[in-house]
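Notes follow the structure.
Being a predicted model, the structure only gives us computed values, none of them experimental. Throughout, protein chains are lettered first and strands after them, A, B, ... in sequence-line order, and every chain is numbered starting at 1. No hydrogens, no waters, no symmetry mates; every other heavy atom, side chains included, goes into these values.
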2 protein chains.
Amino acid sequence: MNITELESEKLEKAANMLKAIAHPMRIAILSFLEGDTKLTVTEIHERLGIEQSTTSHHLGILKDKGVLCSQRDGKNTFYFLKHESLSKLVDCIGQCTCSE
Amino acid sequence: MNITELESEKLEKAANMLKAIAHPMRIAILSFLEGDTKLTVTEIHERLGIEQSTTSHHLGILKDKGVLCSQRDGKNTFYFLKHESLSKLVDCIGQCTCSE
DNA sequence: TCAAGAAATGCAAATATATAAATATATTGT
DNA sequence: ACAATATATTTATATATTTGCATTTCTTGA
């Protein structure tokens, strides 16, 4: 495998997505959202036990990097996984870290 | 799912492993090492086209975080994936970023 | 023991990230 | 329009990461 300029764009994208996920709170968020679960910012910030603004920031990062989608419903905004394959990635991470 | 203190340790570990992987050059390194491939530092730094010391640094991070193992053979040091499940993770990342 | 090749380390500068407090925006019900 | 609730944004500070140069360590062959 050779690193062409085209491929370096792909690598950049993959790295950005992984960087978005690679944070304890954000992994926890993804684990909450496995399957088709949709949760609001408040539900997530209460479960995590961190500031609302910090939670919103984390969710913004995950959305910006294509990991999550959001959907407004009145005062609430629900967040959920963008692709089903991301559930698989979360599982995979779990496996990789358990088999240490 | 609730975040207990025990679980927060697991999250920390998972995040550290992902953080180690979440870099364009390091993803490229992992893609080189899929399967049972073993490569030396020089081979990797030449393929990546970056400094030897930078390459060594990246490899050190991956080794430190439990992603790679190394094996000395004379002047050379070969690096390879620590667990087979990491090949799966690399594939998974590829899938997640292609289906965008 | 010495020279050469291979890899690792220390260092410094630039850049990026995380966090929370304060503030702003959006939406609903009255 | 106003109060209340839910989210998002701004800002500042602290901390971490990336990179290459220079240097050092480790190993082999002469």
With sugar-phosphate meaning primed atoms plus P, OP1 and OP2, does [X] contact a base, only sugar-phosphate, or nothing at under 4.0 Å between heavy atoms?
X: A/Thr42; answer: sugar-phosphate
X: B/Ser56; answer: base
X: A/Tyr79; answer: sugar-phosphate
X: B/Thr77; answer: sugar-phosphate
X: B/His57; answer: base
X: A/Thr40; answer: sugar-phosphate

Give the minimum heavy-atom separation between [X] and [Y], together with the two atoms involved.
X: B/Met17; Y: B/Gly66; answer: CE-O, 3.8 Å
X: A/Thr97; Y: B/Ala14; answer: CG2-CA, 3.4 Å
X: A/Ile21; Y: A/Ile27; answer: O-CG1, 3.2 Å

Exercise. Of all nucleotides in DNA chain C with an atom under 4.0 Å from a non-hydrogen atom of chain A, which is the first and which the last going 5' to 3'?
Worked result: C/dT17 to C/dT28
What integer distance in Å separates [X]:[atom1] from [N]:[atom2]?
X: B/His58; N: D/dT18; atom1: NE2; atom2: C1'; answer: 7 Å
X: B/Gln52; N: D/dT24; atom1: CD; atom2: C1'; answer: 12 Å
X: B/Ile29; N: D/dT18; atom1: CD1; atom2: C1'; answer: 13 Å
X: B/Lys75; N: D/dT28; atom1: NZ; atom2: C1'; answer: 5 Å
X: B/Leu48; N: D/dT18; atom1: CG; atom2: C1'; answer: 15 Å
X: A/Asn76; N: D/dA4; atom1: CG; atom2: C1'; answer: 13 Å
X: A/Ile61; N: D/dT9; atom1: CD1; atom2: P; answer: 12 Å
X: A/His45; N: D/dT5; atom1: NE2; atom2: C1'; answer: 12 Å

For this session: Please report the C-alpha distance between B/Ile50 and B/His58 in whole Å, then the side-chain angles of each, then the deciding distance to 0.1 Å, and finally whether the side chain to side chain contact (heavy atoms under 4.5 Å, CB included) criterion is met.
Result: CA-CA 11 Å; B/Ile50 61 177; B/His58 285 312; 4.1 Å; yes
Seminar exercise, completed: Assert: residue with more 5' nearest nucleotide on DNA chain D, out of A/Thr54 and A/Lys19, is A/Thr54
For this session: Give a yes/no verdict on a cation-pi contact between A/Arg72 and A/Phe78, requiring under 6.0 Å between NZ or CZ and the six-membered ring centre and an angle within 45° of the axis.
Result: no
Exercise. Does a side chain donor of either B/Lys63 or B/Ser70 reach within less than 3.5 Å of an acceptor in the other side chain?
Worked result: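 B/Ser70 and B/Lys63 do have a side-chain donor-acceptor pair below 3.5 Å.
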Problem set entry | CA sep, side-chain torsions, deciding dist, call: B/Leu62, B/Asp64, side chain to side chain contact (heavy atoms under 4.5 Å, CB included) | CA-CA 6 Å; B/Leu62 288 168; B/Asp64 183 54; over 6 Å; no
